[in-house]
Amino acid sequence: MKGIFENILIFLIGDAQAERMVPPTGFTVRLTVFAAAAMAFLATMALAFSMATGRLADKWTSELSRSSTIRIASSTQQAIAQRDAVLGVLATTPGVESYRVIDTEEQRQLLAPWFGQEIDLELLPVPTLIEIVERPGGFDAENLQFRLAAEAPAAVFDTHRRWRAPLVNAANRLKILGWVALALIIASLAVMVTLAAQSALAANHQVISVMRLIGARDGYIAQAFVRRFTIRGLIGAVIGVCLGLLALALMPSAGGVAGFLTGLAPTGWGWLFPVWIPIVTGIIAFLATRRAANRLLRSLP
Amino acid sequence: MKGIFENILIFLIGDAQAERMVPPTGFTVRLTVFAAAAMAFLATMALAFSMATGRLADKWTSELSRSSTIRIASSTQQAIAQRDAVLGVLATTPGVESYRVIDTEEQRQLLAPWFGQEIDLELLPVPTLIEIVERPGGFDAENLQFRLAAEAPAAVFDTHRRWRAPLVNAANRLKILGWVALALIIASLAVMVTLAAQSALAANHQVISVMRLIGARDGYIAQAFVRRFTIRGLIGAVIGVCLGLLALALMPSAGGVAGFLTGLAPTGWGWLFPVWIPIVTGIIAFLATRRAANRLLRSLP
Amino acid sequence: MIEFQGVSYTYGGSSLLDEVSFALPQGSFHFLTGPSGSGKTTLIKLCYAALRASAGQIRVFGKDAATLDRDGVAFLRRNVGVVHQDCQFLDHLSVAENIALPTVVSGQAGARSVGNLQDLLNWVGLAEVANSFPPEISGGERQRAALARALINAPDIILADEPTGNIDWEMAQRLLKLLIELNKMGKTVLIATHDMALIRAAKTQVQSRVLRIQAKQVWLAGADL
Amino acid sequence: MIEFQGVSYTYGGSSLLDEVSFALPQGSFHFLTGPSGSGKTTLIKLCYAALRASAGQIRVFGKDAATLDRDGVAFLRRNVGVVHQDCQFLDHLSVAENIALPTVVSGQAGARSVGNLQDLLNWVGLAEVANSFPPEISGGERQRAALARALINAPDIILADEPTGNIDWEMAQRLLKLLIELNKMGKTVLIATHDMALIRAAKTQVQSRVLRIQAKQVWLAGADL
Ligand SMILES: Nc1ncnc2c1ncn2[C@@H]1O[C@H](COP(=O)(O)OP(=O)(O)OP(=O)(O)O)[C@@H](O)[C@H]1O
Ligand SMILES: Nc1ncnc2c1ncn2[C@@H]1O[C@H](COP(=O)(O)OP(=O)(O)OP(=O)(O)O)[C@@H](O)[C@H]1O
Ligand SMILES: [Mg+2]
Ligand SMILES: [Mg+2]
């Protein structure tokens with residue numbers, strides 16, 4: 001591994017002598033840097049979007065799909081005994097992370113839209129509600145149903161599936177959309193950088209043919225160009241990612257939006273998420289330029 | 001107007017003689033066409049996304065924000081009289097599109113998660129619920145509140161604001177995200193096409209300088225290039241938009257997802273939404289190439 | 001046709017021509033000599049407005065070159081045939097098409113010039129490579145193609161910068177004969193060259209004069225040449 | 001050093017050289033003549049493996065050119081100084097840097113060659129434009145720069161394609177002297193030219209022979225030249 005890094009370092013530092021043969025500036029630089037920057041920017045945005053919808057889907061999944069409810073109607077005989085039976089069953093069910101009986105105050109909040117804040121729960125035949133939160137792996141709902149039927153026949157098990165399905169579905173579709181966009185942008189990035197490298201090399205056709213005529217080895221010529229364009233691709237991508245992160249930081253944060261859509265901006269270490277974009281861009285630029293350079297060189301005698 | 005179209009037509013048909021001086025193929029063609037196609041593709045996707053989230057926000061806005069509820073607790077004295085009073089008020093409130101008393105069956109459905117399907121509503125102190133649907137312009141909620149307080153003091157007016165705000169907010173943020181992405185993509189498109197035109201012209205430096213030396217007028221030289229690159233930009237954009245529409249058509253439709261996220265694919269005439277993308281691309285290519293050509297020409301003696 | 005009045009030219013800091021004055025009357029035949037780097041190409045570029053004089057006045061066809069706008073320069077060039085020292089062509093067009101390019105640009109492409117073209121190709125010995133592309137022809141063939149391109153429109157002024165540098169003696173004689181022929185038709189000819197033999201050969205066939213650039217000045221050479 | 005054995009060459013369909021055989025021994029001095037388009041440049045390109053023979057064998061430094069791989073060709077070119085007919089340079093490097101380029105490529109850039117460089121620039125008369133860029137120098141200056149670049153590494157074989165096409169007579173004499181000097185140091189020299197005066201001038205200073213391309217063959221010219 002150390003060898004690889006050393007080689008990469010030597011490659012990036014380059015050979016000052018060989019370096020000079022590549023014209024220092026011009027439109028091809030702007031083209032390459034801009035293409036890399038624009039695509040890296042879009043990739044950062046698409047990635048942030050995918051990650052945000054990913055978080056959203058996770059949240060909905062965990063909030064909705066990992067929670068389920070057991071209801072014991074108030075009309076049930078021995079409601080308390082049944083409740084205890086349910087709690088006993090849950091205590092021995094693998095995959096259950098926690099469970100709790102929803103208390104009166106919370107029930108009042110949940111029912112307020114229906115009966116107003118002023119309701120007297122004593123007057124309502126409010127059922128006993130037990131909220132279950134699953135472990136990530138989930139539990140065997142069927143088995144639980146079965147055991148409940150045996151030990152607390154009045155308990156009604158509600159998986160919330162009906163409510164959560166559309167939300168999780170929608171979040172997943174958004175997430176897929178984000179990944180598709182990301183894949184498209186990475187593909188565009190690759191083609192754009194390849195074309196920019198090709199156009200830059202074509203513009204430097206004379207430089208390359210002169211070098212070849214005075215006896216420079218193919219590897220020597222290719223290396224100077226490949227190095228230059230890899231670095232340009234890297235720089236462009238770093239600029240693009242930085243601009244992307246800036247744009248994300250300037251986006252209004254989700255804040256009070258009741259957690260419906262989590263913020264696009266990542267938090268903490270999450271800000272490092274797009275580091276791989278410049279690396280991928282650099283690798284693409286490296287491969288694209290090397291291929292174009294070798295093809296051009298092989299066309300020269 | 002006719003003059004403009006005629007001029008555009010003459011421009012697009014071009015001058016076969018002048019045409020020949022532009023080299024027919026090469027990497028610059030691929031670069032221009034691909035840049036235009038890639039950006040047009042992404043623009044189509046971003047536009048579809050923005051439009052879909054726009055539709056989504058509209059839907060949520062109309063479904064949630066245009067509806068509100070008046071609740072009369074069952075414990076109220078003269079519940080029926082009060083209900084009638086409320087209905088009377090609503091009948092004379094400007095901005096109300098429709099209102100209806102939610103019937104028993106519907107209430108049973110809404111309360112099922114709490115009390116199970118088997119509940120006997122007779123036993124519950126279920127309030128009378130009146131659903132109001134606003135006209136697009138909305139009504140004066142304060143005035144309504146005021147009138148209700150006078151004529152049906154037991155009626156509680158609930159605007160749903162608490163519930164709808166986060167959803168509408170989220171949809172609007174998504175919509176804004178889509179438009180921001182679209183703006184960025186259009187900006188990238190402009191820069192990319194400009195750079196592609198510049199690089200193509202730089203690659204044709206010799207052609208242009210030879211033409212200038214043998215006495216071709218600037219306008220004559222510029223026109224041949226501008227025409228070529230405008231058409232390439234147009235073709236690229238048309239390809240990109242077609243691919244974008246194809247991708248949209250292949251996306252799974254929203255179908256049964258409970259209308260949470262409307263499909264990305266447009267319907268009917270909606271498919272024509274991205275026609276302006278090639279037109280904008282053509283205009284950008286035209287302006288970018290003309291500017292680059294004129295700058296290059298002015299640098300020649 | 002061409003008149004220099006007190007013309008100076010400097011590239012960056014180094015002055016090359018200093019208050020040069022001379023005139024080429026219509027129908028005259030001149031050579032331009034001088035050591036390599038003395039400013040022959042520069043002087044010719046001044047004549048077709050590829051460079052602008054730093055001081056003084058240059059009149060071509062009676063018009064002050066400094067007052068021409070860009071389209072005026074283009075018009076001037078369509079009436080001046082120039083053989084450039086570095087013969088550049090459009091590499092995607094055939095040699096014949098390159099030679100015919102000035103007729104396209106001046107809108108004269110038609111039956112008449114196609115007749116001319118074939119004659120011209122035969123005379124300069126390019127009939128065989130007419131359908132080759134410029135990168136495929138030899139150095140001497142390029143130079144002849146450049147001359148043919150300069151002559152295709154039968155311009156009133158012909159400026160040739162080292163038109164025989166890469167060409168063997170017999171062919172150079174042939175090209176000289178063509179230029180003398182055109183001169184006899186009333187065209188004004190100026191040839192920059194370092195080939196004394198060519199100048200001597202011309203002397204026997206046409207009334208020609210030799211301009212020499214020396215010490216930033218243009219001198220009319222005496223009978224010693 | 002260079003040996004052609006039954007070498008043929010055809011561009012596309014038209015054959016240019018037909019079973020040509022000759023040898024340039026080490027330390028020899030040869031001219032190559034022939035009409036424009038006869039194949040002088042082609043023959044020189046065959047010598048430094050810019051073209052591959054259609055048939056026959058070309059041996060340079062005793063090695064069959066056809067068997068060289070790409071790095072072998074590069075190595076060959078570092079030991080053969082070539083003046084190309086179309087002198088191409090790196091336009092973003094100064095004239096001096098362009099001339100020094102072969103030392104960079106062969107890894108000899110150092111004190112010794114910098115000393116050489118200054119001498120060489122003086123000799124070919126480019127000291128004044130050493131810091132100019134190639135597009136800013138005159139046609140003759142370009143040709144001299146190309147010659148200087150070919151000589152900087154003191155290669156064993158020197159191939160020059162029309163090195164004096166754009167150069168006045170005195171300077172041409174100077175350059176010839178330089179080539180003769182190198183030849184006396186043991187270098188093998190081949191100069192393609194159409195300038196008979198140059199050939200005659202050389203005859204008086206060095207033991208030189210003239211190869212003539214005619215009818216697709218290479219003939220050793222007699223005393224008539
Ligand atoms: N790449 C090529 N493809 C096809 N034909 C070519 C190519 N290069 C040269 N030729 C043809 O081969 C012939 C010889 O060319 P070459 O350059 O060797 O001539 P030359 O003897 O150097 O002439 P000159 O004195 O004019 O430089 C010419 O007629 C030319 O048209
Ligand atoms: N664009 C330029 N910028 C700066 N200096 C230039 C430029 N063009 C030419 N020069 C310098 O001006 C001088 C004269 O150049 P010019 O090309 O006119 O010479 P010339 O007489 O044509 O020479 P040759 O016979 O070698 O072609 C040269 O020393 C050259 O270096
Ligand atoms: Mg010159
Ligand atoms: Mg040649």
Side-chain angles (χ1 to χ4, degrees), chain C residues 11-14 16 33-45 84-88 95 124-129 131-145 161-172 174-175 192-199 212-214, chain D residues 11-14 16 33-45 84-89 95 124-129 131-145 161-172 174-175 192-199 212-213:
Chain C
Y11 279 117
S14 60
L16 211 66
T33 64
S36 173
S38 58
K40 299 184 293 296
T41 300
T42 303
L43 194 145
I44 286 184
K45 281 185 176 166
H84 307 275
Q85 197 169 7
D86 55 331
C87 338
Q88 292 200 334
V95 170
V124 299
L126 290 177
E128 268 180 36
V129 293
N131 294 318
S132 301
F133 291 89
E136 301 172 355
I137 65 178
S138 82
E141 287 160 351
R142 285 179 83 84
Q143 243 174 2
R144 286 177 272 153
D161 197 356
E162 307 267 18
T164 59
N166 285 326
I167 292 171
D168 51 296
W169 183 239
E170 290 93 81
M171 186 50 78
R174 249 176 107 92
L175 300 186
T193 185
H194 65 270
D195 191 345
M196 294 302 140
L198 193 74
I199 297 177
R212 168 172 276 279
I213 304 184
Q214 208 157 37
Chain D
Y11 280 116
S14 62
L16 210 64
T33 64
S36 174
S38 58
K40 299 184 292 296
T41 300
T42 304
L43 192 146
I44 286 185
K45 282 184 176 167
H84 306 277
Q85 196 169 7
D86 56 330
C87 339
Q88 293 199 334
F89 297 96
V95 170
V124 299
L126 291 178
E128 270 180 35
V129 294
N131 294 318
S132 300
F133 292 88
E136 300 171 357
I137 64 177
S138 82
E141 287 161 352
R142 285 178 84 83
Q143 242 174 0
R144 287 176 272 153
D161 196 357
E162 307 266 19
T164 59
N166 285 326
I167 292 173
D168 50 298
W169 182 240
E170 290 94 81
M171 185 51 78
R174 250 174 106 90
L175 299 187
T193 186
H194 64 270
D195 189 346
M196 293 302 142
L198 192 74
I199 297 178
R212 167 171 277 279
I213 304 185

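In what follows, chains carry the letters A, B, and so on, assigned in the order in which the sequence lines appear, proteins first and then strands, with residues in each chain numbered from 1. The structure presented is a predicted model; accordingly, all values stated were derived computationally and were not measured.
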Are there residues of residues 163-170 of chain C that reach to under 4.5 Å of chain D by heavy atoms, and which ones?
Thr164(C), Gly165(C), Asn166(C), Ile167(C), Asp168(C)

Do Thr33(C) and Met196(C) make a side-chain contact, defined as non-hydrogen atoms from C-beta onward lying under 4.5 Å apart?
yes

With heavy-atom distances below 4.5 Å as the criterion, would you say the side chains of Arg144(C) and Ser36(D) are in contact?
yes

If we define contacts as heavy-atom pairs under 4.5 Å, which of Gly12(D), Gly140(D), Ser38(D) has the most with chain C?
Gly140(D)

With sequence neighbours excluded, residues passing side chain to side chain contact (heavy atoms under 4.5 Å, CB included) with Gln88(C):
Gln206(B), Ser209(B), Val210(B), Asp86(C)

Can you tell if the side chain of Glu162(C) reaches within under 4.5 Å of the side chain of Thr41(C), non-hydrogen atoms only?
no

Can you tell me which portion of Gln85(C) sits under 4.5 Å from chain D's heavy atoms? Options are side chain, backbone, both or neither.
side chain

Residues in side chain to side chain contact (heavy atoms under 4.5 Å, CB included) with Asn131(D), at least two apart?
none

Taking the side chain from Lys40(C) and the backbone from Gly34(C), do they hold a donor-acceptor pair closer than 3.5 Å?
yes

Side chain to side chain contact (heavy atoms under 4.5 Å, CB included) partners of Leu16(C), counting only residues at least two apart
Tyr11(C), Thr42(C)

Need one label for Arg142(C): side chain, backbone, both or neither, based on atoms under 4.5 Å from any heavy atom in chain D.
neither

Cut-off 4.5 Å, heavy atoms of chain D, and the answer for Ser138(C) is side chain

Tell me whether Glu128(D) at atom CD has more than 12 heavy atoms from other residues, nucleotides or ligands lying less than 6.0 Å away.
no

